[in-house]
Number of protein chains: 2
Amino acid sequence: MLNLNHVQAFIAVIETGSFRGASRRLSQAQPTLSQWIRKLESELDCPLIVRNNQRCQPTRQGQMFLPYARSLIQVASQVKQRLAGKQVVIGAASNIGIYILPEKLKQLAIDKQENIRIDLVIGTNPDMVDKLESGEIDIAAMEWWDNRPGFEAHPWLNEQLVIIVPPDHPWSSRQSISLDELALAPMLGGERGTGTGTRLRQLLDEDAQRLKVSQNLGSTEAVKRAVMAGLGISMVAQSAVTDELAAQRLCALTLNNTSLNKQLYLVAPTNLPEQSPTRRILNELTQPDPKLQTC
Amino acid sequence: MLNLNHVQAFIAVIETGSFRGASRRLSQAQPTLSQWIRKLESELDCPLIVRNNQRCQPTRQGQMFLPYARSLIQVASQVKQRLAGKQVVIGAASNIGIYILPEKLKQLAIDKQENIRIDLVIGTNPDMVDKLESGEIDIAAMEWWDNRPGFEAHPWLNEQLVIIVPPDHPWSSRQSISLDELALAPMLGGERGTGTGTRLRQLLDEDAQRLKVSQNLGSTEAVKRAVMAGLGISMVAQSAVTDELAAQRLCALTLNNTSLNKQLYLVAPTNLPEQSPTRRILNELTQPDPKLQTC
DNA sequence: ACACGTTACGGCAACCGTAAGGATT
DNA sequence: AATCCTTACGGTTGCCGTAACGTGT
């Protein structure tokens with residue numbers, strides 16, 4: 001089995017360009033480095049480094065090995081950080097992770113005060129469930145939760161959904177429209193996984209059949225571009241189009257007599273120690289935001 | 001530094017549910033396993049396994065550690081395979097990797113005869129350049145090559161581009177159209193990265209200005225769906241729509257007096273040993289395909 | 001002559017296995 | 001009583017450092 005000290009030695013030799021330099025970096029006697037590299041080469045059964053007095057360079061196999069080596073060392077050191085509570089990983093269902101969380105995480109105080117690193121992993125809602133259970137993430141930001149044991153969901157943001165139309169659309173100067181009007185417009189559907197697209201059908205029940213929906217352009221970005229290009233209108237989370245609204249590349253409308261919104265949750269394991277970094281980040285995030293954004 | 005034997009022991013204990021089972025799987029004395037796990041726990045400075053006569057289970061930290069542990073072991077064993085030439089990694093620019101290569105790789109004889117595993121990595125064209133240089137992939141399938149030293153490009157497939165329209169489109173029964181007609185139609189652009197979308201502009205020079213192109217729906221899949229939904233027409237690689245053409249969910253046309261195609265290349269390091277698996281896969285792929293597909 | 005990598009070798013620590021001990025069913 | 005994990009302890013391995021040896025500039 002590979003020895004990670006040897007792997008690290010390999011990286012050090014390549015990066016410093018010499019065995020001596022690597023021995024200094026790793027605080028080891030230089031012959032030890034020779035020995036370690038030789039061990040590694042015999043373990044992998046191929047030469048990794050071309051020895052040279054001026055500059056040691058990787059062989060072709062060494063080059064192939066290098067990215068794997070870095071990955072091994074990085075994972076090994078990261079997992080220590082993680083288990084020591086120095087790193088907290090937050091998972092987010094796609095749109096939340098892309099449009100909302102990066103801003104929220106910037107505002108967190110904890111990672112600056114102490115030396116805690118926060119990582120963000122983006123996936124689908126079902127991904128989040130798996131990753132929570134496997135321990136891959138500490139907190140999940142998602143659109144629903146099925147109350148499975150061992151975890152608890154905290155209501156978080158209540159996301160406003162808006163109907164978006166291009167600036168040259170006849171409705172662009174209006175603030176809201178009726179359901180009947182909406183039924184006549186060509187509607188571009190968001191991807192099904194995130195729920196944004198399906199939310200409308202939920203609300204409208206059998207009326208949904210009347211909507212001209214052309215499904216699944218693949219991503220919210222694709223939907224936005226299609227709407228901007230005048231291919232139709234759509235409904236998306238307001239947070240996904242703040243930039244475009246500000247730049248007046250899109251216009252947002254609401255529905256008459258119907259509030260369109262979507263509750264978001266933060267999910268984390270139960271029984272988190274009160275002072276653990278994960279718990280404190282969770283607390284910071286769920287504290288009510290002083291500035292409520294209204295359209 | 002983490003010891004991969006200990007990490008593997010951890011996985012074995014979790015998977016078998018007992019120290020004894022793990023000791024059998026790893027052909028070690030049982031007290032050795034106790035020792036290894038204890039070492040691991042002291043290295044990571046937290047308990048990983050709840051000991052129990054019936055079933056040993058991971059602690060919360062153990063659960064967090066598990067995916068990292070698996071990743072470490074997997075990378076470590078994969079890299080051995082790779083350096084031994086038992087694994088060849090092929091990279092492909094997105095559409096090639098999605099629509100063309102999986103079929104081609106199925107036809108390869110080498111991986112069945114010998115025990116060679118072929119992996120496919122999908123990325124953008126610039127990704128492929130990086131991954132080739134870093135040794136992450138052995139062969140790249142892409143749409144251009146800049147003749148950088150150390151690598152050689154082999155012309156591979158010459159991909160036919162077609163104009164796609166929905167079955168209920170007025171052109172759906174025709175075989176080809178003129179440039180003037182095309183200029184009047186709403187054209188959905190493929191993503192820029194893959195070159196499919198920009199290829200048309202190259203060919204048409206200043207005429208391109210006349211095309212009504214609404215750019216970037218994000219992916220070829222999104223473009224196909226948009227065309228099927230009647231939002232417009234587009235131009236894509238024929239290989240990307242073979243299924244839809246067969247199912248008559250889309251119709252393909254060519255341009256009058258203009259051949260639309262795109263040369264694809266296989267790129268690999270120079271000086272590959274003649275009998276190396278990588279070289280042999282390269283040879284198999286570049287051998288002219290006996291059955292030429294025409295529309 | 002100098003700087004670098006390799007080889008040789010010895011002391012020492014770590015490792016692994018055997019045997020005995022404690023806990024749970 | 002049987003099964004399982006832990007502890008205790010000894011022999012062996014293999015690791016790391018010092019010193020001496022090639023080699024290229």
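Order of the sequence lines sets the chain letters (A, B, ...), proteins ahead of strands, with each chain counted from 1.
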ask   = Does A/K39 or B/N52 map to a spot on DNA chain D nearer the 5' end, using the closest nucleotide for each?
value = B/N52
query = Closest nucleotide of DNA chain D for B/R38 versus for A/W36: which of these residues is on the 5' side?
reply = B/R38
query = Taking 4.0 angstrom as the limit, do B/K80 and A/E43 come out as a salt bridge?
reply = yes
ask   = Does the distance from a Lys or Arg side-chain N to an Asp or Glu carboxylate O, for A/R82 and A/D138, drop under 4.0 Å?
value = yes
task = List the protein contact pattern of nucleotides 19-25 of chain C with one symbol per nucleotide (5' to 3'): B for base contact, S for sugar-phosphate-only contact, - for none; contact means a heavy-atom distance under 4.0 Å.
result = B---BBS
inquiry  = Donor-acceptor check, side chain of A/N283 to backbone of A/R280, threshold 3.5 angstrom: yes or no?
reply    = no
task = Verify, without hydrogens or angle tests, whether B/W156 (side chain) and B/A141 (backbone) share a donor-acceptor contact under 3.5 angstrom.
result = no
[X] vs [N]: side-chain N/O to OP1/OP2 distance below 4.0 Å:
X: B/S34; N: D/dT6; result: yes
X: B/Q28; N: C/dG17; result: yes
X: A/T32; N: D/dG17; result: yes

query = From the list C/dC15, D/dC5, C/dT18, which nucleotide is the closest neighbour of the side chain of B/Q35?
reply = C/dC15
Given C/dG5, D/dT6, D/dC4, the nucleotide with the shortest approach to the side chain of B/R51 = D/dT6
task = Whole angstrom is fine here: how far is it from CD in A/E41 over to P in C/dG5?
result = 13 Å
